[in-house]
> 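Structure incoming, see below.
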Amino acid sequence: MQQYFVDETIKPGSQVKLNDEVLHHIKHVLRKTDGYIFRLADIDHQVYLAQLNGDYALIVDQIGNDSELPLQITAIIALIKNDNFDLVLQKLTEIGVSRIVPLVTRRTMVKIKDETKKLVRWQKIVTEASEQCHRCIIPQVEKPITVNDVKAYLSKYNYLAYEKSDALYLPYESVSDSLTYIIGPEGGFDRDEVQIIIDQGFECISLGKRILRAETAAIFVAANLAGACER
Ligand code: SAH
């Protein structure tokens, strides 16, 4: 069933005015008419069953809010080639990550010309992915940061995926509450960047014996966490 998000608190039994983008999608892309039933998620992360009535959604029932992970995951991901970064945004959203922070490192090849435009595009990707997979929240995509700024995103558990250490695996089964993980760019981190990150409170972890591409590594960590904490 199709889902949309609205920027307000929904009251059961009320009517909600739908914005132009949602109306365009329902009426012109899906070609639906009055009576069409869909899901509507509000700013309090509650999801409702709604029925189209002109430009309004008539709220017919409350579905709840049980599609979020019990772990708040912040993923700090080095900027990689456009298509691959977009893919990471979409997949991490589907898996259930709460926040995604793009990271600029010394070996980052991608240059962003218009940051505001890029953020709008990234937020659109995570919004559409959240609608498609029935999330109750849309993950926040932050402005790109550098390795000096990662301390601003510390959680209860904090890990840096680093392929050159003899580090242990992330203890997927035993983490709780909140976790931040960092993935480097295609060319990997410089050793001094690794030290800068460690000094801010991150622990190096291994993702196994093979070297994963950055996008695979980003998805691998989130998928393992989601698999372990929802079991
Ligand atoms: N150093 C390599 C590969 C970088 S892989 C090179 O020079 O090409 C991109 C990122 O994925 C790394 O920075 C790291 O964060 C993560 N990564 C990939 N494989 C990993 C592994 N086996 N263990 C830990 N991190 C890994």
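Counting starts at 1 for both ligands and their atoms, in listed order. The figures that follow rest on heavy atoms only: side chains count, while hydrogens, waters and symmetry mates do not. For the single chain, residues carry numbers from 1 onward in sequence order.
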> Under 4.0 Å from any heavy atom of P185, which atoms of ligand 1 are there?
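Near P185, the atoms of ligand 1 are 4 (C), 9 (C).
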> Does a salt bridge link K91 with D86, judged by any charged N lying under 4.0 Å from a carboxylate O?
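A salt bridge is absent here (no side-chain N lies under 4.0 Å from a carboxylate O).
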> Is the distance between the ring centroids of F189 and Y162 under 6.0 Å?
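No; F189 has its ring centre 6.0 Å or more from that of Y162.
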> Would you mind running through ligand 1 and noting each atom that sits below 4.0 Å from a heavy atom of I205?
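Here the atoms of ligand 1 in question are 24 (C).
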> Ion pair present between R135 and E68, side-chain N to carboxylate O less than 4.0 angstrom?
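Salt bridge: yes.
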> For the residue pair I37 and Q2, establish whether any side-chain heavy-atom pair is separated by less than 4.5 Å.
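With C-beta onward as the side chain, the pair stays apart.
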> Would you say G187 and ligand 1 have an N/O pair spaced under 3.5 Å apart?
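Such a contact does occur with ligand 1.
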> Step by step, would you call I125 with R121 a side chain to side chain contact (heavy atoms under 4.5 Å, CB included)?
CA-CA 6 Å; I125 292 172; R121 181 180 150 69; 4.1 Å; yes
> Could a heavy atom of K209 be found less than 4.0 Å from some atom of ligand 1?
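No; K209 lies far enough from ligand 1 that no heavy-atom distance drops under 4.0 Å.
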> Give the contacting part of A217 toward ligand 1: side chain, backbone, both or neither, where contact means a heavy-atom distance below 4.0 Å.
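Only the side chain of A217 comes within reach of ligand 1.
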> What's the shortest distance from atom 8 (O) of ligand 1 to any protein heavy atom, and which residue and atom give it?
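Going atom by atom, the protein heavy atom closest to atom 8 (O) of ligand 1 ends up being E186 O, 3.1 Å.
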> Against heavy atoms of A161, which atoms of ligand 1 measure under 4.0 Å?
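Taking each heavy atom of A161 in turn, ligand 1 has 14 (C), 15 (O), 24 (C), 25 (N) under 4.0 Å.
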> Which residue from E193, E163, R210 reaches closest to atom 22 (N) of ligand 1 through any of its heavy atoms?
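Answer by nearest heavy atom: R210.
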> Do the non-hydrogen side-chain atoms of Y4 and R39 ever get within less than 4.5 Å of each other?
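Not touching, per the 4.5 Å side-chain cut-off.
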> Specify the protein heavy atom at minimum distance from atom 5 (S) of ligand 1: its residue, its atom name, and the distance to 0.1 Å.
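Ranking protein heavy atoms by distance from atom 5 (S) of ligand 1, first comes L212 O, 3.2 Å.
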> Quick one about D44 and T9 (side-chain donor to acceptor, distance below 3.5 Å, no hydrogens or angles considered), yes or no?
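Yes.
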> Is it true that K118 and E115 have a side-chain N and a carboxylate O under 4.0 angstrom from each other?
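Looking at E115 together with K118, the answer is no, because their closest N to O distance does not fall below 4.0 Å.
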> May I ask you to check whether G208 has an N/O atom sitting below 3.5 Å from an N/O atom of ligand 1?
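Between G208 and ligand 1 (N or O atoms, distance only) the closest approach is under 3.5 Å.
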> So if I count the atoms of ligand 1 from 1 in the order they appear, which ones are less than 4.0 Å from some heavy atom of I211?
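Taking each heavy atom of I211 in turn, ligand 1 has 3 (C), 19 (N) under 4.0 Å.
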> Show which atoms of ligand 1 fall inside a sub-4.0 Å distance from at least one heavy-atom site of G188.
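So the answer, numbered in order with elements, is 1 (N), 4 (C), 13 (O).
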> Counting non-hydrogen protein atoms only, what is the nearest one to atom 13 (O) of ligand 1? Give residue, atom name and distance.
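The protein heavy atom lying closest is G184 CA, 3.2 Å.
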> Just to confirm my output: which protein heavy-atom neighbour is closest to atom 26 (C) of ligand 1, and how far is it?
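The protein heavy atom lying closest is L207 CD1, 3.7 Å.
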> Does the plane of the ring in Y157 sit parallel, tilted or perpendicular to the ring in Y159? Use 30° and 60° as the thresholds.
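It falls in the parallel class, under 30°.
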